[in-house]
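See below for the structure under consideration.
Just so it is clear, the model here is predicted, and its values are computed rather than measured.
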2 protein chains.
Amino acid sequence: MLRNDITVAIRNAVMSELAEVGYGRLSIEAVARRAGVGKTAIYRRWSNKLEMVLEIITDVAGRKVPVPDTGSFASDLDLLMMIVSRALQHRVASQIIPDLMAEAARNPQIAETLQRVLRLHQQSVGEKLVGQAIARGELPEGTDPDVAVDLILGPLYWRLAVARQPVSDDYLEKMAAAVLGSLRGGAAT
Amino acid sequence: MLRNDITVAIRNAVMSELAEVGYGRLSIEAVARRAGVGKTAIYRRWSNKLEMVLEIITDVAGRKVPVPDTGSFASDLDLLMMIVSRALQHRVASQIIPDLMAEAARNPQIAETLQRVLRLHQQSVGEKLVGQAIARGELPEGTDPDVAVDLILGPLYWRLAVARQPVSDDYLEKMAAAVLGSLRGGAAT
DNA sequence: CTACGACGTAACGGTTGCGTTCCGCCGCAT
DNA sequence: ATGCGGCGGAACGCAACCGTTACGTCGTAG
């Protein structure tokens with residue numbers, strides 16, 4: 001019976017508000033204001049700020065991400081890094097993700113939710129990509145997908161979300177080449 | 001004339017409070033309470049929450065970090081990664097750093113301060129380490145210290161501060177080996 | 001001994017947000 | 001035509017903080 005357009009408006013407002021002020025300062029009243037909605041409508045759907053945010057985040061982050069499968073590990077890697085760098089440069093993502101990560105350090109529920117979502121993507125992507133590559137003989141048998149994912153995502157995340165420096169195509173290529181080299185070398189075995 | 005022990009108490013309280021509730025929710029009153037101090041004492045020193053935090057952070061982060069110089073790049077790298085992983089596992093650091101990073105995304109003053117401090121350390125460490133290695137012929141001429149630093153710190157930060165998974169000695173070795181391999185390969189040139 | 005100034009405490013008026021409640025409106029199903 | 005229920009709006013009492021002020025204490029310098 002809850003009107004769907006209202007729910008959508010609230011969800012959007014929460015995302016924007018999260019991006020602008022962060023979880024710590026997010027207030028129900030501000031969300032209602034931004035969504036053009038009464039507080040009542042929000043409390044009718046969720047009973048808490050935490051519950052609301054968790055539900056919305058889970059939903060947004062739960063959307064499936066396509067895993068590259070181009071036929072060669074090198075181009076899979078290029079593609080993946082491009083996708084990730086694009087994603088991390090989106091304004092909302094680049095604000096919300098670090099913020100929630102920080103919040104997760106002190107709120108077990110947020111931590112658990114993020115871990116679940118993150119782990120889900122990370123593992124499936126890592127295992128699939130590395131699995132394919134090993135099957136094709138492009139990576140040494142026994143390459144650790146965990147290490148591989150860290151090597152791939154870490155530098156990108158650091159650069160984009162932490163150091164907040166731009167990533168040129170050129171830079172991306174260097175990075176991909178470096179990661180490829182380190183994995184091919186069998187270091188992550 | 002401001003009593004030094006009071007100032008110290010406040011500084012400590014700010015750090016603890018930052019770790020516990022983050023910048024967004026940090027309140028002057030809570031700091032005063034925790035420091036066992038009147039609000040007056042705080043306002044006598046700083047006029048703002050922002051100003052206070054910036055000053056304290058700058059001070060703490062400004063302390064010099066020793067750059068490893070063991071004679072070989074491989075062991076420099078091992079050492080550096082160990083130092084960094086130790087630092088990132090300290091409770092206060094692992095809470096405060098991601099929090100301020102997230103805050104920096106929406107507060108230019110914080111961003112500027114963090115960038116300055118971070119860049120300072122990062123560049124000096126990177127350039128020195130890579131410089132030494134190139135001079136010794138352990139890394140190809142023209143290796144980009146920027147890329148190198150990203151490759152070194154990125155995965156560690158990702159693992160420790162984002163994914164929040166433990167880092168074993170074993171894992172650290174794999175990581176170091178991988179990074180070494182990718183740099184030696186001349187990918188980051 | 002006196003004066004100064006930093007200190008803690010307490011209170012100020014004002015703002016913001018919480019979670020709840022009541023109202024009147026309106027769409028929709030019966 | 002009637003009634004149910006979600007809607008926005010407004011207000012509630014309560015709590016936390018803001019930044020400021022007044023007051024009384026205490027250590028120290030002169």
Touch class at under 4.0 angstrom, heavy-atom based, for A/R45 against every strand present: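 The answer is sugar-phosphate, as A/R45 gets under 4.0 Å only of primed atoms, P, OP1 or OP2.
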Touch class at under 4.0 angstrom, heavy-atom based, for B/R33 against every strand present: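 Sugar-phosphate, no base atom in range.
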Within 45° cone and under 6.0 Å: B/R136 NZ/CZ vs B/F73 ring: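 Relative to the ring axis of B/F73, which defines the angle, B/R136 lies outside at least one limit.
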Using 4.0 Å as the upper bound for N to carboxylate O, is an ion pair formed by [Y] and [X]?
X      : Y      : answer
B/D99  : A/R106 : yes
B/E51  : B/R45  : no
B/R34  : B/E20  : yes
A/E103 : B/R25  : yes

Helical bend (five base pairs per end, nearest 10°) for the helix from C/dC1-D/dG30 to C/dT30-D/dA1: 10°
Mutual orientation of the aromatic rings belonging to A/Y157 and B/W158 [parallel < 30°, tilted 30-60°, perpendicular > 60°]: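 Because their plane-to-plane angle is over 60°, the rings of A/Y157 and B/W158 count as perpendicular.
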Selected nucleotide, minimal atom distance to B/N48 side chain, candidates D/dG6, C/dC18, D/dG19: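 Looking only at side-chain atoms, B/N48 lies closest to D/dG19.
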Selection from C/dT20, C/dG5, D/dC17 that lies nearest to any side-chain heavy atom of B/S27: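 It is D/dC17.
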In whole angstroms, how far is the [atom2] atom of [N] from the [atom1] atom of [X]?
X     : N      : atom1 : atom2 : result
A/M1  : D/dC4  : CE    : P     : 13 Å
B/L26 : D/dG19 : CG    : P     : 11 Å
A/I42 : D/dG9  : CD1   : C1'   : 14 Å
B/R3  : D/dT28 : CZ    : P     : 9 Å
A/L2  : C/dC28 : CG    : P     : 15 Å
B/E17 : D/dA16 : CD    : P     : 14 Å
A/N4  : C/dC28 : CG    : P     : 15 Å
A/R25 : D/dC18 : CZ    : P     : 11 Å

Pair B/S182-A/S182, side-chain donor/acceptor within less than 3.5 Å: no
B/R119 versus B/Q115, side-chain donor and acceptor atoms under 3.5 Å: yes
Intermediate values then yes/no, salt bridge (Lys or Arg N to Asp or Glu O under 4.0 Å), B/E17 and B/R33: CA-CA 11 Å; B/E17 208 65 20; B/R33 235 175 295 146; over 6 Å; no
With 3.5 Å as the limit, what N/O pairs link the protein to nucleotides 8-11 of chain C?
| from | atom 1 | to | atom 2 | distance (Å) |
| --- | --- | --- | --- | --- |
| C/dG8 | OP1 | B/G36 | O | 3.4 |
| C/dG8 | OP2 | B/G38 | N | 3.0 |
| C/dT9 | O4 | B/T40 | OG1 | 3.1 |

